[in-house]
Amino acid sequence: MFEKIIRRLKGDSRLEKHGRPLEVPAGRLKLGLALSSGGARGLAHVGVLQVLEENNIEIHAISGSSMGSYVGSLWAAGFSGKELANLAAEMHDRRQLWKLADPVFPPMRGLFHGLKAKAHLERSLGDLRFEDLERKLLVITADLDTKERLVLRSGKIADAVHASCAMPGIIAPVILNGRRCVDGGVVDPVPCEALRKFADVDRVIAVSVIPTFDEVDAGMYQDEDDLLPRSMPRRFLSAINRNLNFLAKGNIVDTFRQSIRCAQVRIAHDSVKRADLCLRPEHFHAPWNDYSNFERFIDAGRKVALDHLDEIRALAGISETPPDEKSDDSMVGDRVA
């Protein structure tokens with residue numbers, strides 16, 4: 001036992017990959033879970049996974065774009081929902097995030113290489129490969145040159161997730177097998193169709209933190225700073241920030257990122273139609289990199305999963321809810337075109 005804990009602390013999670021064997025009882029249907037992109041909001045996926053675990057609802061295959069690939073890969077590798085919440089807690093301080101910054105100089109291809117963030121993921125995944133997993137894992141990225149959606153399902157998982165999380169303009173494109181790859185959320189923010197095509201599943205559940213048309217029309221997609229009154233000192237600091245910070249509102253990276261978001265809303269609208277059920281965690285105003293709010297995001301995921309638990313059970317072919325399986329609401333927590 002102690003040897004196992006020591007190895008986990010050293011980051012060799014490959015020893016855990018058989019800790020949750022894939023078992024689909026007779027009469028149960030095979031479920032696929034599609035996890036959306038969405039920055040810090042994607043931590044809501046952790047809450048959904050916690051509820052599925054607590055209710056013994058098996059997931060046969062999982063797909064993810066950007067943050068969805070990050071969470072999905074760790075879970076597929078054997079990390080429990082509770083362990084994922086602990087990892088999120090480690091990153092709640094922005095100073096911890098800045099420790100992962102590795103600036104590109106000059107910043108021609110992006111602001112950061114993303115190699116430190118990849119190394120951080122490798123502390124958990126090591127050299128684990130898709131072929132080592134009990135479940136089917138699909139990681140989505142985009143080929144900048146061919147404009148293709150790539151569904152990565154072989155090779156080293158950390159390399160694939162690095163590519164899937166390479167947000168254009170912020171993280172430099174990742175070279176995989178000679179291809180320039182960027183954020184999977186650009187081409188497929190809620191990868192439901194990939195599960196239909198590349199995984200042997202009977203039903204697909206989508207978890208999307210991408211706002212709907214109605215939420216956009218209601219103004220829920222505005223940045224939090226746009227909704228706060230601006231004092232004179234705040235306006236002064238904001239003006240200085242705009243002249244020094246590439247990421248500041250209105251500057252080139254922000255404009256590029258917001259343009260991609262506009263497209264994602266429309267792509268996601270069509271993508272979720274390929275799911276049998278779409279879970280939409282509560283949307284509240286927060287910056288895209290607000291990892292300090294991790295508990296609130298996780299709670300939102302838990303709530304939407306619990307609200308739709310009967311529907312999820314029905315999709316899995318579970319006709320009844322045994323008394324001892326009731327979830328405790330108090331618990332918080334190559335190449336395709």
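Along the sequence shown, residues carry numbers from 1. All values derive from a computational prediction rather than experimental measurement.
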A.B. asks: Check salt bridge (Lys or Arg N to Asp or Glu O under 4.0 Å) between K82 and all other residues, then give those that pass, not counting sequence neighbours.
C.D. replies: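 K82 satisfies salt bridge (Lys or Arg N to Asp or Glu O under 4.0 Å) with no other residue.
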A.B. asks: Grab the two heavy atoms, one from A88 and one from L43, that are nearest each other, plus how far apart they are.
C.D. replies: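 Looking at all heavy atoms of both residues, the shortest contact is CB-CD2, 4.1 Å.
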A.B. asks: As an exercise, state the distance from CG of D132 to CD1 of I157, rounded to the nearest 0.5 Å.
C.D. replies: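 Between D132 CG and I157 CD1, I get 7.0 Å after rounding to 0.5 Å.
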A.B. asks: State, yes or no, whether a side-chain contact exists between L84 and H45 at a heavy-atom distance under 4.5 Å.
C.D. replies: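 Not in contact.
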A.B. asks: Just verifying a value: how many Å separate I57 CD1 and I318 CD1, rounded to the nearest 0.5 Å?
C.D. replies: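 The distance works out to 5.0 Å.
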A.B. asks: Do Q50 and I298 come close enough that some side-chain heavy atom pair is under 4.5 Å?
C.D. replies: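 Side-chain contact under 4.5 Å: yes.
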A.B. asks: Is the backbone N or O of T146 less than 3.5 Å from a side-chain atom of D143, with the two atoms forming a donor-acceptor pair by type?
C.D. replies: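 At least one qualifying donor-acceptor pair exists.
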A.B. asks: With a 4.5 Å heavy-atom cut-off, do L35 and V48 have their side chains touching?
C.D. replies: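 The answer is no; the side chains never approach within 4.5 Å.
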A.B. asks: Got a second to check how far L33's CG is from R203's CZ, nearest 0.5 Å?
C.D. replies: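 Separation between the atoms: 15.5 Å.
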A.B. asks: Identify, with sequence neighbours excluded, every residue that meets salt bridge (Lys or Arg N to Asp or Glu O under 4.0 Å) alongside R266.
C.D. replies: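 R266 satisfies salt bridge (Lys or Arg N to Asp or Glu O under 4.0 Å) with no residue once adjacent residues are dropped.
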A.B. asks: Are the side chain of E148 and the backbone N or O of A142 linked by a donor-acceptor pair below 3.5 Å?
C.D. replies: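 The answer is no, because no donor-acceptor pair under 3.5 Å joins these two groups.
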A.B. asks: So do the side chains of M167 and V186 get within less than 4.5 Å of each other, counting heavy atoms only?
C.D. replies: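 They are not in contact (no side-chain heavy atoms under 4.5 Å apart), so the answer is no.
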A.B. asks: Excluding sequence neighbours, so at least two apart, what forms side-chain hydrogen bond (donor to acceptor under 3.5 Å, both in side chains) with R274?
C.D. replies: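 Residues passing side-chain hydrogen bond (donor to acceptor under 3.5 Å, both in side chains) with R274: none at all.
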A.B. asks: Considering residues at least two apart in sequence or located in another chain, which fulfil the side-chain hydrogen bond (donor to acceptor under 3.5 Å, both in side chains) criterion with K156?
C.D. replies: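 Listed in chain order: E122, D127.
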A.B. asks: Would a single hydrophobic cluster contain both F213 and I210, if residues Ile, Leu, Val, Met, Phe, Trp and Tyr are joined by side-chain heavy-atom contacts under 4.5 Å?
C.D. replies: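 Same hydrophobic cluster.
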A.B. asks: Answer yes or no: does atom CG of N177 have more than 12 heavy-atom neighbours from other residues, nucleotides or ligands under 6.0 Å?
C.D. replies: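 No.
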A.B. asks: Is any side-chain heavy atom of I171 closer than 4.5 Å to one of C165?
C.D. replies: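 With C-beta onward as the side chain, the pair stays apart.
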A.B. asks: Once side-chain contact (heavy atoms from CB on, under 4.5 Å) is applied, do any residues pair with R280, and if so which ones, sequence neighbours excluded?
C.D. replies: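 For R280, the residues satisfying side-chain contact (heavy atoms from CB on, under 4.5 Å) (neighbours in sequence not counted) are S208, T212, V272, C278.
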A.B. asks: Assess whether a salt bridge exists between K303 and D307, defined as any Lys/Arg side-chain N lying under 4.0 Å from an Asp/Glu carboxylate O.
C.D. replies: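 Judged by the 4.0 Å cut-off on N to carboxylate O distance, K303 and D307 do form a salt bridge.
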A.B. asks: Main chain of S80, side chain of E53: is a donor-acceptor contact present, judged purely on distance under 3.5 Å?
C.D. replies: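 Judged by distance alone, no pair lies under 3.5 Å.
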A.B. asks: Is it the case that one hydrophobic cluster holds both F297 and L49, taking links as side-chain heavy atoms less than 4.5 Å apart, direct or via other members?
C.D. replies: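 Yes, it is one cluster - the side chains of F297 and L49 are joined through contacts under 4.5 Å.
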A.B. asks: Quick check for you: to the nearest 0.5 Å, what is the distance between I62 atom CD1 and I205 atom CD1?
C.D. replies: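 Here the interatomic distance stands at 10.5 Å.
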A.B. asks: Mind checking side-chain contact (heavy atoms from CB on, under 4.5 Å) for A163 and listing every partner two or more places apart, or none if nothing turns up?
C.D. replies: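 Applying side-chain contact (heavy atoms from CB on, under 4.5 Å) to A163 gives T141, V174, L176, C181.
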A.B. asks: Please report the shortest heavy-atom distance between V265 and P211, naming the atom on each side.
C.D. replies: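 Scanning both residues, the minimum pair turns out to be CG1-O, 3.6 Å.
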A.B. asks: Answer yes when K273 and D270 have at least one side-chain N-carboxylate O distance shorter than 4.0 Å, and no when they do not.
C.D. replies: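 A salt bridge is present here (some side-chain N lies under 4.0 Å from a carboxylate O).
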A.B. asks: Listed by chain and number, what are the salt bridge (Lys or Arg N to Asp or Glu O under 4.0 Å) partners of D145, not counting sequence neighbours?
C.D. replies: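 Partners of D145 by the salt bridge (Lys or Arg N to Asp or Glu O under 4.0 Å) criterion, ordered by chain and then number, come out as R180.
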A.B. asks: What is the minimum heavy-atom distance between A160 and V139, and which atoms define it?
C.D. replies: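 Distance-wise, the nearest heavy atoms are O-CG1, 3.6 Å.
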A.B. asks: Return the set of residues passing side-chain hydrogen bond (donor to acceptor under 3.5 Å, both in side chains) with E282 (not counting sequence neighbours), or none when no residue passes.
C.D. replies: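 With sequence neighbours excluded, E282 shows a side-chain hydrogen bond (donor to acceptor under 3.5 Å, both in side chains) to no residue whatsoever.
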A.B. asks: Contact between P189 and S65 at the side-chain level, heavy atoms closer than 4.5 Å - yes or no?
C.D. replies: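 Heavy-atom side-chain distance check fails, nothing below 4.5 Å.
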A.B. asks: Grab the two heavy atoms, one from D188 and one from S271, that are nearest each other, plus how far apart they are.
C.D. replies: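 Between these two residues, the closest heavy atoms are OD1-OG, 3.7 Å.
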A.B. asks: Side-chain contact, heavy-atom cut-off 4.5 Å: L31 with V201?
C.D. replies: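 No. Closest side-chain heavy atoms not under 4.5 Å.
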A.B. asks: Measuring from atom CD1 of I175 to atom NE2 of H162, what distance do you get when rounded to the nearest 0.5 angstrom?
C.D. replies: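 Result: 10.5 Å between the selected atoms.
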A.B. asks: Report all side-chain donor-acceptor pairs from residues 66-73 shorter than 3.5 Å, counting only partners two or more places apart or in another chain.
C.D. replies:
from : atom 1 : to   : atom 2 : distance (Å)
S66  : OG     : D183 : OD1    : 3.3
S66  : OG     : D183 : OD2    : 3.1
S69  : OG     : S66  : O      : 2.6
S69  : OG     : S164 : OG     : 3.3
S73  : OG     : S69  : O      : 3.0
S73  : OG     : Y70  : O      : 3.0

A.B. asks: Could you tell me which non-hydrogen atom of L125 sits nearest to which non-hydrogen atom of A77, and how far apart they are?
C.D. replies: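 Reported closest heavy-atom pair: CD2-CB, 3.5 Å.
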A.B. asks: If the condition is salt bridge (Lys or Arg N to Asp or Glu O under 4.0 Å), which residues does D200 pass it with, not counting sequence neighbours?
C.D. replies: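 Result, salt bridge (Lys or Arg N to Asp or Glu O under 4.0 Å) vs D200: K30.
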A.B. asks: Yes or no on salt bridge (Lys or Arg N to Asp or Glu O under 4.0 Å) for R196 and D276, after CA distance, side-chain angles and deciding distance?
C.D. replies: CA-CA 11 Å; R196 300 278 188 194; D276 296 287; 2.9 Å; yes
A.B. asks: Does one hydrophobic cluster hold both I267 and V209, with members joined at side-chain heavy-atom distances below 4.5 Å?
C.D. replies: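 I267 and V209: separate clusters.
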A.B. asks: Quick check: closest heavy atoms across A305 and L279, and the distance to 0.1 Å?
C.D. replies: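 Closest heavy-atom pair between A305 and L279: CA-CD1, 4.4 Å.
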A.B. asks: Please identify each residue that fulfils side-chain hydrogen bond (donor to acceptor under 3.5 Å, both in side chains) with H308, with sequence neighbours left out.
C.D. replies: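 By the side-chain hydrogen bond (donor to acceptor under 3.5 Å, both in side chains) rule, H308 matches E311.
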A.B. asks: Check which hydrophobic residues are tied to V182 through side-chain heavy-atom contacts below 4.5 Å, counting indirect links as well, and list them.
C.D. replies: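 For the cluster that includes V182, the remaining residues are L144.
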A.B. asks: Can you check side-chain contact (heavy atoms from CB on, under 4.5 Å) on E131 and S154, steps first, answer last?
C.D. replies: CA-CA 6 Å; E131 296 86 348; S154 63; 3.2 Å; yes
A.B. asks: Please round to the nearest 0.5 Å and tell me the distance separating atom OG of S63 and atom CG of L152.
C.D. replies: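 Going from the OG atom of S63 to the CG atom of L152 covers 12.0 Å.
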A.B. asks: Are W75 and I59 packed together at the side-chain level, in the sense that at least one heavy-atom pair is separated by less than 4.5 angstrom?
C.D. replies: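 W75 vs I59: side chains touch.
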